[in-house]
Amino acid sequence: MKVALAAEGTYPHQFGGVSVWCDQLIRGLPGHEFVVVALVATGVEPVRWELPANASQLVTLPLWGPPPARPRGSRAGEWRAGEWRGRGRGVPLAVRELVDVLLDDAAAARFGTVLRDLHQYAMTRNLTATLAAEQTARLLAGTWRERWPLLAAPRGVRPADTRPTLHDAVTAMRLVEHALRPLSHPAVAADVTHAVTNGLGALPALAAKWQHQVPMIVTEHGVYMREQYLHLRNPPFGWPVKDLYLRFLAQLCALGYQEAEVITPGNVYNRRWELQLGADGDRLRTVYNGVNPDDFPELTDEPEAPTLAWVGRIDPIKDPETLLRAFALVVAEMPAARLRLFGAPPPGREDYLERCRALAADLGIDGSATFEGRIPRIRDAYAAGHVVVLCSISEGFPYSLIEAMACGRPCVATDVGGVSEALADDAGIVVPPRDPAALAEACLTLLRDADRRKSLGAAARQRALEHFTVDRAVRAFDEIYTLIGSGGRVPPADPGNPVATTVTTVRFGSSV
Amino acid sequence: MSSQLTTANNDGALAELAERFRAVCESAVDPLEVASALEFDGVSDRVARVGYEVADVFALARLLYAQVLRRPADPAADDHVQAGRPLLHGLLYALPAACFPAAGALLVGPGVLPALVVALLTGWGLSQGLAAVGYLRLGTSGLGPARRVLRVGLACCVVAVAATMTVTAFVVHARPLVLAFGAGEGVYVLGACVLLVTGAERWLPAALAPGITAAAVFLADGKPPVLEHQTWVALATTPLLACAIAVAWTARAGPRLGRLLNRAELLGAVPAIALGLLAAGLLSFPVAAGASGHGGGNVGALIASVPLALSMGLAEWILLWYRRATRRLLGLTDDPRWFRRHAGLLLLAALARYVTGTLVIISVALDVAVLSGQVEVSATILLSALGYLLLGMAMFLVLLLQTASIRLVPLAALAAALGAELALRGDGLVVQVAAPAALLLTVALYALARLGRAVLHA
């Protein structure tokens, strides 16, 4: 079976959790042929992953940089006619429709049709040039001005305070033009398209569905729309642009959910968001991330000194500062305790590492809390502690947690994202985020109680091997591909067991 | 009673939470944005249930969104135009000119003028191409990859300059010292280009210091023959230092990732090279052709060309001002026609600023030349200065159009002007004034027509 795997800003050009997952999936299914469709920033990014043998092709779709080339098969004359730069000709109907749905809260139902028309237009005409044209910006500005009083009222803004300007119209159309660039590329013909993110990453899958009737799957490790809300909290442009662009993305995500035969969130926490964003609960199948148990064998030895281990990016979102404050409370009770932090700050945020070091010094724990940087073999980081701590204020379904669980290390983790479903009730201790006292108390409990550590570690390992292995995740997708690719449908989810990862085969409505 | 107390407590907690998330709620586009912020700050479903007695974080977000009025904050304005950097650039463009009079004794024998013109054309053409590639890489991949491509590009361009100068010297029978001076000129421009693109122009004064200091001392002492050789060594040090600093500055380029050059970068370099060649050609023509159009020197052109180089720093600063001013203008209206009218006025204001500044610089240069007894004011000198002023104005508009990614017509206009000057060179000063005037008129009308478009300014 031929699978087109569409990713945005991750595999195979960047490292990170989603890229690890994509690589595991392709390598785990050698019987399927994969075409990797990568949405990238400019197209000059180097490929950082060696593609497996069954990945037969890499298609790169840049969102920025030079505009897309003329598709093969389109006529040069017609294409040049599309390179229309507002010389008095009318704005094409497909673009007029786009402006209309962008500025009409009640037009969500037409959004899919409009994008489909734009894709058809882009196969013969220069959509990028048309969207970037002066006439299009003028059309948007004029329509926005007319409709603003109607749009502002339900948002609770006074129309006069935030009236969209010409700058807003040009900026908004520029954002939309770049976002829609994947529609200017011919769709990849495959048996199944698997978008490993919603939003822009779903556009190649939508195009394949419209052009070749290829069924699509949407997987979300982090919820695309939630990340966009966070990303655009303080945007470099005006509020009307933020409002228009987020609404455009929300409509795109809703379309992705609507057109997908099956949606596979990486955890139940994501599922809540997807339901809020318009996904049909019957099409949701949670498929957890997994680790290879061979890479994380059980750890039986413990270090001599009572030690807490932490693994992650030194970044405010991981909140190592709360951990340092908690550890100061631990040391007050248990002076021999140590804290070892493994990980480095992202490029450009080295100042944050220095801030953490300064905090450790202020708390008087700089001798017992050590920043050890990246470690070649991640398992050694888990082996370094009696207890593995995760103190993030935001997470999806963290690999570090399930890796530590697979090693049989007891975990203390904050109640964010999919953490509580990973640890369940008996495989670790969950504490509120940003609460040093609760974190310290949980850590002390485990550091003082070897039996509890042992029992929690065993339960964690058992749970990880049962639910969070690569084989299990890969097997689930193998079943989904086979089923969807052969025209079958995934059965409705069992409402009592929404986290089931095994797919029961239903072909044309009947169990097989 | 207990229920009332709980409700009161919840109201208090909710009000406290609303206050904590006021900024988020005031600029949120919908309740889901508030929910994302709540979760990001550690407010989970469990916290929502236990702390605020609502079903989940989404319900809590809806409550907060309804409670707080929308008052979106404007994005932080970036309106400050720093004059320091562009003006430093102007000095850096103009200062090397001080080396020419000091190198007078070097620049003798046959083929001096053709060799220097070829050096100027090669240096400017290649450096503009290299800068275009560097800026493109900087924009797409960041400083490390930009350093890498500039480092390799610098090596290739230095070899190209050396090869071109060697062939030229052979063809025009120029002396090796003329060849060395021309090559040094080209190498300096390339080294300076690398440092400018990578934001390290602060090191350029260090490279210029030996050549400029030696030239100044040599000229102030009345060109004593005893100092000739030391002066030449110091002059040679400047391009070598510029190049060495550029090589050192680009050493931390990181590992090579992907192709060295891609198609877009190569295509981007072509118009930049053309601009460099045409600008160098137009700038050097009056000096090379002389006032009569048949060679024989043009003191007025020599005096005016240095202020013109200096004025390019001023042009850069006005260009930044213009870009920011038009962006502000876009934010004041939703009417494209109003914008077009006011953008046209802004363009004229920018041109007026440039003319005023450049007139002052040219006047000062002429005053210095007259007061030091090097020239006397004459119609020839004033006409030469006028020609350069018109050329400077046209170049300013060409640069402005380039920043809006409009290249083809300005390049064609520059080529036509240079072609006219070459074809009608026998008309001397007349064509040296008329061609830049026609160029200015063409480019100004074109800029007025094109730069009224909103999409070019956001």
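Chain letters run A, B, ... following the sequence lines, proteins first and then strands; every chain starts at 1. Owing to the predicted nature of the structure, the values given are computational and were not obtained by experimental measurement.
For A:T165, the parts sitting under 4.5 Å from any heavy atom of chain B are the backbone and the side chain alike. In this structure, chain B has a heavy atom under 4.5 Å from the side chain of A:R163, while its backbone stays farther away. Only the side chain of A:P66 comes within less than 4.5 Å of a heavy atom in chain B; its backbone stays farther off. Proximity to chain A involves both the backbone and the side chain of B:D41, based on heavy atoms less than 4.5 angstrom apart. For B:F58, the part sitting under 4.5 Å from any heavy atom of chain A is the side chain, from C-beta outward, and nothing else. Contacts of B:V34 with chain A are absent, with no heavy-atom separation under 4.5 Å from either backbone or side chain. Neither the backbone nor the side chain of A:S392 comes within less than 4.5 Å of any heavy atom in chain B. Both the backbone and the side chain of A:W273 come within contact range of chain B, each with at least one heavy atom under 4.5 Å from a heavy atom of that chain. Only the backbone of B:A28 comes within contact range of chain A, with at least one heavy atom under 4.5 Å from a heavy atom of that chain. For A:L246, the part sitting under 4.5 Å from any heavy atom of chain B is the side chain, from C-beta outward, and nothing else.
Looking only at distances, a side-chain donor or acceptor of A:R174 sits under 3.5 Å from a matching main-chain atom of B:V455. Without hydrogens or angle criteria, A:W239 side chain to B:A73 main chain gives no donor-acceptor distance under 3.5 Å. A donor-acceptor pair is defined here as one N or O able to donate and one able to accept, closer than 3.5 Å; no such pair exists between the side chain of A:R434 and the backbone of B:G42.
Across A:Q228, A:R226, A:Q276, the residue that shares the most heavy-atom pairs under 4.5 angstrom with chain B is A:Q276. Of the residues considered (B:D45, B:V57, B:L69, B:L329), B:D45 shows the highest number of contacts with chain A, using heavy-atom pairs under 4.5 Å. Note: A:D415 leads A:I317, A:D415, A:V416, A:D319 in heavy-atom pairs under 4.5 Å with chain B.
Of the inter-residue distances, the one linking B:L136 atom CG with A:T42 atom OG1 reads 10.5 Å to the nearest 0.5 angstrom.
Remark: of the listed residues A:K242, A:R155, A:R233, A:K242 is the sole one forming a salt bridge (charged side-chain N to carboxylate O under 4.0 Å, His left out) with B:E33.
There is a side-chain donor-acceptor pair under 3.5 Å between A:Y269 and B:E39.
Looking at heavy atoms from C-beta onward, B:S36 lies out of side-chain contact with A:M225 at the 4.5 angstrom threshold.
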